[in-house]
Each structure stands twice: as structure tokens, then as C-alpha cells.
Amino acid sequence: SLVGFVYLYVRSSIESIGTELEDAAAICGASPMRVLATITIPLIRPALVYSSSVALLLGVGQFTNPLLLGRPKNIDVVTTQMFAVTADYPVDYGMGAALASPLVIIGIFVLAVQRWALGNQKRFVVVTGKSNLRPQNGTWKAVPPVLLFGFVAVVLPILALILVALSPFWSGDPDWAALSLDNVREVLANDRTTGAITTSVRAIVMTVILVVPLGFLIAMVLRRQRDRYGTVIDTISLLPLTMPAAIFG
């Protein structure tokens with residue numbers, strides 16, 4: 001699920017730098033691999049650093065997947081252990097807070113490494129005319145791993161979700177003759193379930209309404225403020241990434 005973050009960062013970065021420098025290097029005799037190593041990757045280094053940091057921070061704070069997949073097998077991560085010590089009565093908030101501290105330390109460390117790795121971001125500015133992203137011939141060698149990823153990450157989970165939802169009970173061995181829509185009807189007829197769905201949608205919509213204007217405002221301020229105050233604003237805007245949702249919960 002974190003692949004999309006890396007893809008969006010890197011694709012937008014590649015489109016913004018265009019292909020003029022890559023074409024110039026190729027005209028001068030550079031091989032495709034040398035162009036990739038000496039032109040493309042250095043120019044998209046900020047996108048790689050940012051996307052790696054985001055993926056790492058979001059991965060460290062994962063809760064739902066480790067809870068559903070790990071806890072039944074007695075495999076814990078920090079977030080599921082935090083949940084365990086605060087789920088029983090009396091709630092041990094002190095132990096939960098102590099367990100949360102490594103996540104905060106890791107987040108701040110990642111943010112510091114990110115700023116160190118980028119350094120002066122003016123080094124990555126490409127001074128050319130209007131960016132020209134010229135389509136280039138691809139290679140069939142890239143197709144199989146992408147299709148395999150899509151099959152494993154999207155198709156299989158959806159098929160499994162449909163199969164289990166249509167099964168009256170799940171034992172690991174599907175009974176094709178017993179498949180029905182009873183579970184779906186029960187979900188739609190349950191006021192508590194439909195209320196939960198409505199609450200989730202309302203919360204997500206309100207979140208988007210709040211964070212999009214705020215993020216836009218921060219970006220506009222940073223566009224004009226590049227001195228030490230801009231660095232402070234940049235750091236403040238990134239610090240929430242170091243706070244996993246499990247800590248807020």
C-alpha cells in the first residue's frame with residue numbers, strides 16, 4: 001500500500017525535470033545506465049528521499065495489518081503491544097506511553113536524516129526552458145513485475161474479500177455451493193454498521209476539508225520564505241509524520 005506514495009513523488013519529479021538533460025547526455029555518448037546513474041537519479045534525489053521517509057514513517061506506525069495478521073500468531077510490533085497494554089482494565093497508560101517513545105524517536109531521527117540527505121535543495125533545481133517530458137520507448141522487461149505486483153497487491157485481496165464475504169463461515173476451504181449474499185444483507189440491515197460507515201465518511205471528508213487548505217497555505221508560504229523561518233515552517237509541517245496514528249489513538 002506504500003508503493004503509491006513513492007510512485008507519485010517520483011513521477012511528478014521526473015515530469016518536472018523533463019528529458020532535455022537525459023537527451024543531451026545520450027547525444028554525448030552516455031549509455032542508458034550511465035544516464036540513469038548520473039543524470040536521472042541525482043535529479044530526483046529529493047523525491048526519493050521524501051518518499052522513502054514517508055514510507056518508513058507510515059510503515060513504522062502501521063497498526064491494522066500487524067494486529068490482524070500478527071496477533072493471532074503471537075507476533076507483535078510496537079503499535080500492537082501499545083494496544084495490548086491499553087486494552088485491558090485498568091488501562092496502563094504509563095506503559096503505553098513508554099512503548100510509544102521509540103516511535104517518536106525514530107520519527108525525529110528519520111526527519112533529521114532526511115534534511116541531512118537533501119542538504120541545500122537548490123542543488124536539484126534544473127534551469128532550462130519549459131520542461132519537455134518526451135515519451136520514450138519502454139521495455140517489455142518492466143511489464144511482468146508490474147503485473148505481478150498488481151495481481152498480488154490488488155486482484156488477490158479483492159477476490160479473497162469477495163469469497164470470504166459470500167461464505168456463511170470461513171474455515172479455509174471454500175464451499176462453493178453455500179455461497180450467498182446473507183452476510184452482505186446483514187451488514188446493510190445493521191444500523192450500527194451503517195452508522196459506523198457514515199461516521200467514517202464524515203470524518204474523512206472533514207479531514208480533507210481541513211488538511212488540503214492548510215497544506216496549500218504552508219506550500220505557498222514556503223515558496224516565498226526560503227530563509228531560516230522557512231526551514232522552521234518546513235520542519236513543523238513534516239513533524240506530524242513522525243507521530244504515528246497509534247500514538248494519537
Side-chain angles (χ1 to χ4, degrees), residues 1-18 40-66 77-79 82 97 100-128 130-133 149 153-154 196-249:
S1 62
L2 300 178
V3 173
F5 290 97
V6 181
Y7 166 72
L8 290 174
Y9 275 111
V10 173
R11 179 175 176 83
S12 61
S13 179
I14 290 177
E15 289 182 341
S16 65
I17 65 175
T40 308
I41 291 180
L43 286 177
I44 64 173
R45 179 174 158 188
L48 293 174
V49 172
Y50 270 111
S51 60
S52 300
S53 302
V54 170
L56 180 59
L57 292 173
L58 293 178
V60 168
Q62 284 284 322
F63 171 71
T64 307
N65 292 338
V77 297
V78 175
T79 52
M82 288 169 55
S101 58
L103 297 180
V104 178
I105 295 172
I106 291 172
I108 295 175
F109 175 76
V110 170
L111 184 61
V113 171
Q114 172 186 296
R115 299 200 66 85
W116 170 80
L118 292 178
N120 183 7
Q121 297 191 37
K122 293 180 180 179
R123 296 179 298 159
F124 307 104
V125 175
V126 179
V127 182
T128 65
K130 183 178 180 180
S131 177
N132 177 27
L133 184 67
F149 164 74
V154 179
I197 295 173
T198 303
T199 302
S200 296
V201 173
R202 186 185 302 117
I204 293 170
V205 171
M206 290 302 300
T207 300
V208 173
I209 292 175
L210 290 173
V211 302
V212 171
L214 183 60
F216 176 79
L217 177 63
I218 294 173
M220 293 301 293
V221 170
L222 289 176
R223 182 182 179 186
R224 294 170 171 80
Q225 194 82 30
R226 295 186 177 274
D227 53 11
R228 63 181 182 274
Y229 299 109
T231 302
V232 172
I233 295 173
D234 185 35
T235 303
I236 292 175
S237 65
L238 292 174
L239 276 176
L241 277 176
T242 68
M243 299 288 287
I247 293 181
F248 286 106

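This is a predicted model, so every value here is computed, not measured.
The two residues Pro42 and Pro46 make their nearest non-hydrogen contact at O-CD, 4.4 Å. Here the closest non-hydrogen pair linking Thr207 and Ala203 is OG1-O, 2.7 Å.
Here the CE-CD1 distance, from Met206 to Ile209, works out to 5.0 Å after rounding to the nearest 0.5 Å. Annotation: the span from Ser12 atom OG to Tyr7 atom OH amounts to 10.0 Å, rounded to 0.5 Å. Considering CG of Leu56 and OG of Ser51, their distance stands at 11.0 Å, rounded to 0.5 Å. Note that CG of Asn65 and OG of Ser1 are 6.5 Å apart. Values are rounded to the nearest 0.5 Å. Between the CG atom in Leu57 and the CG atom in Leu2 there is a gap of 10.5 Å [rounded to 0.5 Å]. With rounding to the nearest 0.5 angstrom, the CD1 atom of Ile14 is 4.5 Å from the CD1 atom of Ile44.
Not one N or O on the side chain of Ser13 forms a donor-acceptor pair closer than 3.5 Å with the backbone of Tyr9.
Contact of the Leu103 side chain with the Thr79 side chain is registered, since non-hydrogen atoms from C-beta on lie closer than 4.5 Å.
Enclosure of atom CZ in Phe63 by more than 12 non-hydrogen atoms of other residues, nucleotides or ligands within 6.0 angstrom is indicated.
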